[in-house]
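Right, one structure below, let's go through it.
Below, chain A is the first sequence line, B the second, and so on; all start at residue 1. Remember, predicted model here, so these are calculated numbers, not experimental data.
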Protein chains: 2
Amino acid sequence: MKVSKEKQLDTLITTVNPSSYECTITVDCAIFGFQDNELKILLVKRSVEPFKDYWMLPGGMMDEGLTMEESVRKVLYGLTGIHDVHQEQVKCYSDVSRHPIKRVVTVCFYALVKPENHPVIAKNYVSDVVWHSVNEIPQLGFDHNILAVDALAKLRQNLKENLIFGELLPEKFTLKELQDLYESILDETLDRRNFRKKILQMDLLVPTKEKKVGVKGGPELYSIKINNTT
Amino acid sequence: MKVSKEKQLDTLITTVNPSSYECTITVDCAIFGFQDNELKILLVKRSVEPFKDYWMLPGGMMDEGLTMEESVRKVLYGLTGIHDVHQEQVKCYSDVSRHPIKRVVTVCFYALVKPENHPVIAKNYVSDVVWHSVNEIPQLGFDHNILAVDALAKLRQNLKENLIFGELLPEKFTLKELQDLYESILDETLDRRNFRKKILQMDLLVPTKEKKVGVKGGPELYSIKINNTT
DNA sequence: AATATTATGTGTATAATATACACAGAATAA
DNA sequence: TTATTCTGTGTATATTATACACATAATATT
């Protein structure tokens, strides 16, 4: 069966672009940090409508030439000046009326950063950038409370399965600091000896033979093992 | 500080639509079924370019008035005639060149269906719809091999955490059938007695006091407990 | 109809893992 | 110098996971 060039082209276009509905895509990012022995989330105050003066997860448009992951990195770089941030995809949200004015599909990520290393700065359409305790998240704009809850759940799940504390601790840290971090993320207390046993037998940490000063007991500092094949 | 109506409107529009990049969004679905004691995945053969004659995951455009989840249901309804399918979001994919002609962001889902209950039918731009063993997935169009692998991994993970076999078994089934299903999904063999012990103490199944005929031993049929509060 | 075959259904012993728990030593604070 | 607070360590117990064998029921075979 032969078809004309026009017909072929038509079919191709139709296939590529059937009914051609296009939609705005944004990325939002739950940025977690560990500060004052507490798990924090970075929220920005929106300075324009809609949801003016609401706290929100930082986010932005997906760029034409960038993947979502790259777009998230761009947002993070803008807010904190860092690249190389550990980030994980959480979920995609597509409720038709999640944005009151036009349809916007968003993909949520979470990222882990060290607050002390990366002072945050207000950006476009944002009047304030503040670390909030994850236990006291205010009412957020759009559906961002849902995103925040989902992101935290994903972080917890990943923490239980792997050993992901990426950017959340300084390069050298004590087991106590690591335990505090775990307890903050999981929101439960852990037995000190059992935690130590479990973590050490994972064989992912190396003792640095340095001791942390200024704290009683003189605890040993550990760092993350670089090459697991050694 | 006062601003003109025009300025306000301008700000609003800019905010809502900053640089206004829109993008085509599709949904793709790894449909799993359990047939001939094997976990199967439903693939469609594409009849148009690009990737003409390649096997693919079934999918389609996200509809203007529908969420992604609803769009997936629409695809599934078109292929199998059923609604009420258990589906889970897997991941969103946004590589800039994942589609050779234009940019398309896709969100992958998986769904669980009973093949015997739902004969599948070819649809637009599709010349064939066939159940394939998950162990013999051919080369797929676009990046669908990646989606398929991710979907199967997600299914396995969910199976280990919950008890999700949704549409994969008939209403009444024997423990053997359930175990075969688990073994197919997890791709490992399980001890019969230990499996039985574990599943039964989850307290999610109820014995029907019926026996399956045509099979030696006369095994009891179970169904899923409807209301866990009873 | 009798017999062989194949699948079901059941419990226990052992191994592996998770949990609970107390005291001596080191650094800081008083 | 002494008190305080944190670190570092091992074991006993409970819980959970794993390995494993035989009697019974239904079908298949002769």
(request) For Arg98(A), enumerate each residue passing the side chain to side chain donor-acceptor pair (under 3.5 Å) test, keeping only those at least two apart in sequence or located in another chain. (result) Asp143(A)
Output one line per pair: protein atom, nucleotide atom from nucleotides 25-30 of chain C, and distance, for all N/O pairs under 3.5 Å.
residue : atom : partner   : partner atom : Å
dT28(C) : OP1  : Gly214(A) : N            : 3.2

(message) Contact list please: residues 177-197 of chain B against DNA chain C, heavy atoms, distance less than 4.0 Å, in numerical order.
(response) Arg192(B), Arg193(B), Arg196(B), Lys197(B)
(request) For Trp55(A), check ring pair (Phe, Tyr, Trp, His ring centres under 6.0 Å) against everything at least two apart and list the hits. (result) His132(A)
(request) Under the salt bridge (charged side-chain N to carboxylate O under 4.0 Å, His left out) rule, collect the residues that match up with Asp191(A), sequence neighbours excluded. (result) none
(message) List the residues meeting ring pair (Phe, Tyr, Trp, His ring centres under 6.0 Å) with Phe142(A), not counting sequence neighbours, and say none if there are none.
(response) Phe51(A), His99(A), His144(A)
(request) Could you tell me which residues satisfy side-chain contact (heavy atoms from CB on, under 4.5 Å) with Glu188(A), sequence neighbours excluded, listed by chain and number? (result) Lys160(A), Leu186(A), Leu190(A)
(request) Using a strict 4.0 Å threshold on nitrogen-to-oxygen distance, state whether Asp150(B) and Lys154(B) make a salt bridge. (result) no
(message) For chain B and DNA chain D, what are the first and last nucleotides along the strand, 5' to 3', with at least one atom under 4.0 angstrom from a heavy atom of the protein chain?
(response) dT18(D) to dA28(D)
(message) Asp84(B): which residues meet the side-chain contact (heavy atoms from CB on, under 4.5 Å) condition with it, sequence neighbours left out?
(response) none
(request) Return the set of residues passing salt bridge (charged side-chain N to carboxylate O under 4.0 Å, His left out) with Glu177(A) (not counting sequence neighbours), or none when no residue passes. (result) Lys212(A)
(request) Could you check whether Lys198(B) gets within reach of a base, just the sugar-phosphate, or nothing at all, counting any heavy atom under 4.0 Å? (result) nothing
(message) Could you work out, with ring pair (Phe, Tyr, Trp, His ring centres under 6.0 Å) as the rule, every residue matching Tyr93(A), not counting sequence neighbours?
(response) none
(message) Taking ring pair (Phe, Tyr, Trp, His ring centres under 6.0 Å) as the definition, give me every residue that meets it alongside Tyr182(A), ordered by chain and number, with sequence neighbours left out.
(response) Phe195(A)
